[in-house]
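First comes the structure, then the notes that go with it.
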There are 2 protein chains.
Amino acid sequence: MTDAPLIAILDDEPEIRRLLSAALEEAGFRTVGFARATEFEAALRRIQPDACLIDLGLPDRDGLALVHRLASESGAAIIIISGRAQVQDRVTGLELGADDYIIKPFEPAEVVARIRARLRRPQRDAGPGRQQVRFAGWSADFDRYTLTSPEGAETPISHAEAEVLRLFLDNPRRLISRAQMLETLGGTAGESFDRAMDVRISRLRTKLGEDPKNPRLIKTIYGAGYIFLAELG
Amino acid sequence: MTDAPLIAILDDEPEIRRLLSAALEEAGFRTVGFARATEFEAALRRIQPDACLIDLGLPDRDGLALVHRLASESGAAIIIISGRAQVQDRVTGLELGADDYIIKPFEPAEVVARIRARLRRPQRDAGPGRQQVRFAGWSADFDRYTLTSPEGAETPISHAEAEVLRLFLDNPRRLISRAQMLETLGGTAGESFDRAMDVRISRLRTKLGEDPKNPRLIKTIYGAGYIFLAELG
DNA sequence: GACCCCTGTAACAATTCGTAGGATTCGGGA
DNA sequence: TCCCGAATCCTACGAATTGTTACAGGGGTC
C-alpha cells in the first residue's frame, strides 16, 4: 500500500536501463528492467508497475502495439521513450494511449519529474486487488459491492449504482455534466435514457442517506449536471 | 450543455492564442483565452476549465507561482508552454505541479494530442473546496451552493444566483454595467433577457436579507448598472 | 416453474428560472 | 416643488429540468 512506486523499464540497451534505474532509485522509486517485450509481458502477470517506461523501436515486437494493449488493459502510467523525433510519431504515440512521450537523448532528471507528474494523479488501477475507497466517513467496496456507513452499517449496492459512485469518486468536487455521465456509463445519447440516470442517482442518494431537501454529498446543478462533495481518504 | 471539454489558454501573444484555439476547436474542444494572469484568475471563479495551457514568462506575474497555486487548488490539467528549454526549467515546472511541459515553438497537433492524453485519465482531486469567499460577515460556498449569514444561518442558492454573486465577488466596489453582466453570464444580448437579470438580482438580494428600500450590499446605480459593496476577506 | 433482485420506463410531484405585466422609483425640466 | 417618461423592482405564471415512486420485463437461483 505504502510501498515505493514501482517503475518498469523496457529498453534493449543495457546502458540506458542502468542510467534510468539509477536515477529513479535515487529519486525513491523501485525499478525493474526488461530487454525484450516478451519478457516484459510475461512479468506483467506477476508484477503491477505504477508506471512503464517503454522504448519504441524494440527488436522483437512493434512497440506501439504494446503501448496500445497496455493502455487499455493496465492502469499504469505509460511513458514512451523514443529516438524518433517527428511530430507525427509523438502524436500517434499519445493517441494510442501513452501518457507522455520523451525524446532521446533525454535527461534523467526530466524523466523523473515527468514520472512524478504522472503519479501525482490517482491511478485507475485495473487489477483485481482490493477496490476500497473511503469518503466522508463512508467506505465503498467495489469488490463486494457494499457501502458502509460512518456508523458501520453495511448495505449492498448494485452494479449500476457502483458505476455512478465510481464516476463520482474519480471526479470529486468537479461538475459532471449529464452528457459526460451518459458517455462514461455507456448510455447511447438522447432518448429517455437520461431518465435512467436520474433514477440511478436517486437510488444511490437514498442508500447514502441523503436528505432529499438538502443533499450533502451529491448535489445537483440545475441545467448543468452534478457535483460530488466529499473528501477522499 | 457542457459536453466538450473546456480548455483555458493563457498567453500574452494574441497570435499564439489564435493558433492554439483554432487547433483545439478543430479537435472538438471549447476554448477560452486570456492575455493576463489577473484576468485569468478572476475568471477561474466563474468557469471551470478541464485543462489550462499556460505560457510562462507573462508580463504581469510570475508564471510558476500561478502554476503552483492552480495545481493545489484546481482540478484542471495544467500544461506549461514555454520558450525556456533548459532541463532545469522543465523539472521545476513539473515539480511545481504542472502535468506537462511543452517547448516553443510547438506543433499544434502535438499540443492537442498531449491534452487528450491528460484528459483520458481521471482528474486530480480538486482540493478541499477552495471555492469559499467571505464578505461582510457572510460566507459563500460555491461548491455546496450555500450562503451562510453572519448569524450562521445557511440557505441554499441556485446556480443562477451563484453566477451573479460570483461576478460581484470578482469585481467588488466596481460598477458593473448591464451589458457587462449579460456578456459574462452568457445571455445573448438585447431582447428582454435583461429582465431575467433583474429577477436574478432581486432573488439574490432577498437571500442576502437586503432591505428593498435601502440595500447595503448590492446597490443599483440608476441608468448605469450595479455595485457590490463589501470588504472581501 | 416460483421467487427475488436488478434496472429501465412511465407518470406525477417538486424545483428552477425566464417572461410578462403592473407597481414603484429615479432624474430632469417646468 | 410638482410632473412625466424611463429605468428598475416585484409578483405571478408557465415551460423546462429534475426527483420520486410504482410497475413491468429480464436474468439468475433454488
Side-chain angles (χ1 to χ4, degrees), chain A residues 142 144-147 155-165 168 175-182 185-228, chain B residues 1-3 145-147 155-167 175-182 185-228:
Chain A
F142 290 105
R144 303 195 303 124
Y145 283 90
T146 57
L147 202 53
T155 50
I157 54 175
S158 73
H159 183 62
E161 288 153 5
E163 269 187 320
V164 178
L165 182 55
F168 279 138
L175 184 106
I176 304 174
S177 70
R178 278 182 130 63
Q180 244 173 301
M181 285 199 142
L182 292 178
L185 304 186
T188 48
E191 305 168 43
S192 65
F193 178 78
D194 54 348
R195 273 288 106 89
M197 286 296 329
D198 295 344
V199 180
R200 285 188 181 193
I201 288 181
S202 171
R203 284 169 182 155
L204 183 56
R205 275 211 255 235
T206 44
K207 292 203 176 171
L208 283 170
E210 292 278 70
D211 174 14
K213 294 288 186 182
N214 183 27
R216 296 182 189 187
L217 292 171
I218 303 176
K219 207 105 181 178
T220 142
I221 311 300
Y222 183 94
Y226 297 91
I227 283 188
F228 182 71
Chain B
M1 228 128 201
T2 47
D3 14 10
Y145 282 88
T146 57
L147 202 53
T155 50
I157 54 176
S158 75
H159 186 57
E161 288 153 5
E163 270 187 318
V164 178
L165 181 55
R166 239 192 278 236
L167 178 61
L175 182 96
I176 303 174
S177 71
R178 278 182 132 63
Q180 240 173 304
M181 286 198 143
L182 293 179
L185 302 186
T188 48
E191 305 170 42
S192 64
F193 178 78
D194 54 348
R195 275 295 126 71
M197 286 299 327
D198 296 344
V199 180
R200 283 189 182 193
I201 289 181
S202 169
R203 284 170 181 153
L204 183 56
R205 276 211 254 236
T206 32
K207 293 205 175 169
L208 282 170
E210 292 277 71
D211 174 15
K213 297 286 189 181
N214 183 27
R216 296 180 192 185
L217 292 171
I218 302 177
K219 209 112 182 178
T220 140
I221 311 298
Y222 186 90
Y226 297 91
I227 277 190
F228 182 71

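Atom set for the values below is all heavy atoms of this structure, side chains included, hydrogens, waters and symmetry mates excluded.
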(message) Please classify the nucleic acid contact of B/Arg203 as base, sugar-phosphate, or nothing, using heavy-atom distances under 4.0 Å.
(response) base
(message) In whole Å, I'd like the distance from the CD atom of B/Glu163 to the C1' atom of C/dC17.
(response) 12 Å
(message) Would you say B/Ser202 places a side-chain N or O within less than 4.0 Å of OP1 or OP2 belonging to D/dC9?
(response) no
(message) From the set C/dA14, D/dT11, D/dT21, return the single nucleotide nearest to any side-chain atom of A/Lys213.
(response) C/dA14
(message) Distance check needed: C/dT16 C1' versus B/Leu204 CG, whole Å only.
(response) 15 Å
(message) Testing the basics here: between A/Thr206 and A/Arg203, what is the closest heavy-atom pair and its distance to 0.1 Å?
(response) OG1-O, 2.6 Å
(message) Just to be sure I understand the rule, does A/Arg200 reach a base, reach only the sugar-phosphate, or reach nothing, if contact means heavy atoms closer than 4.0 Å?
(response) sugar-phosphate
(request) Give the minimum heavy-atom separation between B/Ala162 and B/Tyr145, together with the two atoms involved. (result) CB-CE2, 3.7 Å
(message) When you measure from the side-chain N and O atoms of A/Thr220 to the phosphate of D/dT18, is any distance below 4.0 Å, counting only OP1 and OP2?
(response) no
(request) Could you state the atom-to-atom distance from CE of A/Met197 to P of D/dT17 in whole Å? (result) 16 Å
(message) Taking only side-chain N and O atoms of B/Ser158, does any of them lie within less than 4.0 angstrom of OP1 or OP2 on C/dC17?
(response) yes
(request) From the options D/dA22, C/dC17, C/dG27, select the nucleotide whose nearest atom is closest to the side chain of B/Ala160. (result) C/dC17
(request) Counting heavy atoms from C-beta on, name the nucleotide in D/dT18, C/dA20, C/dG8 closest to the side chain of A/Ala196. (result) C/dG8
(request) Return the value, rounded to whole Å, for the distance between atom CE of A/Met181 and atom P of C/dG8. (result) 13 Å
(request) Before giving the answer on side-chain contact (heavy atoms from CB on, under 4.5 Å), spell out for A/Ile176 and A/Phe228 the whole-Å C-alpha distance, their side-chain angles and the decisive distance to 0.1 Å. (result) CA-CA 8 Å; A/Ile176 304 174; A/Phe228 182 71; 5.7 Å; no
(message) I need the CG-P distance between B/Asp198 and C/dG21, as an integer number of Å.
(response) 16 Å
(message) To check you understand the geometry: which heavy-atom pair defines the closest contact between B/Leu175 and B/Gln180, and what is its length?
(response) O-OE1, 4.0 Å
(request) Verify the contact: side-chain N or O of A/Arg195 to OP1 or OP2 of C/dA11, cut-off strictly under 4.0 Å; return yes or no. (result) no
(message) Tell me whether A/Arg205 contacts the main-chain N or O of A/Ile218 through its side chain, where contact means a donor paired with an acceptor under 3.5 Å.
(response) yes
(message) Without decimals, in angstroms, what is the distance between A/Glu210 CD and D/dG19 C1'?
(response) 13 Å
(message) For D/dG19 and A/Arg205 - does any side-chain N or O of the residue sit under 4.0 Å from the phosphate oxygens OP1/OP2?
(response) yes
(request) Return the value, rounded to whole Å, for the distance between atom OH of B/Tyr226 and atom P of D/dA7. (result) 13 Å
(request) Starting at atom NZ of A/Lys219, determine the distance to atom C1' of C/dT16, rounded to an integer number of angstrom. (result) 14 Å
(request) Just compare C/dG18, C/dT7, C/dC17 and give me whichever is closest to any side-chain atom of A/Tyr222. (result) C/dC17
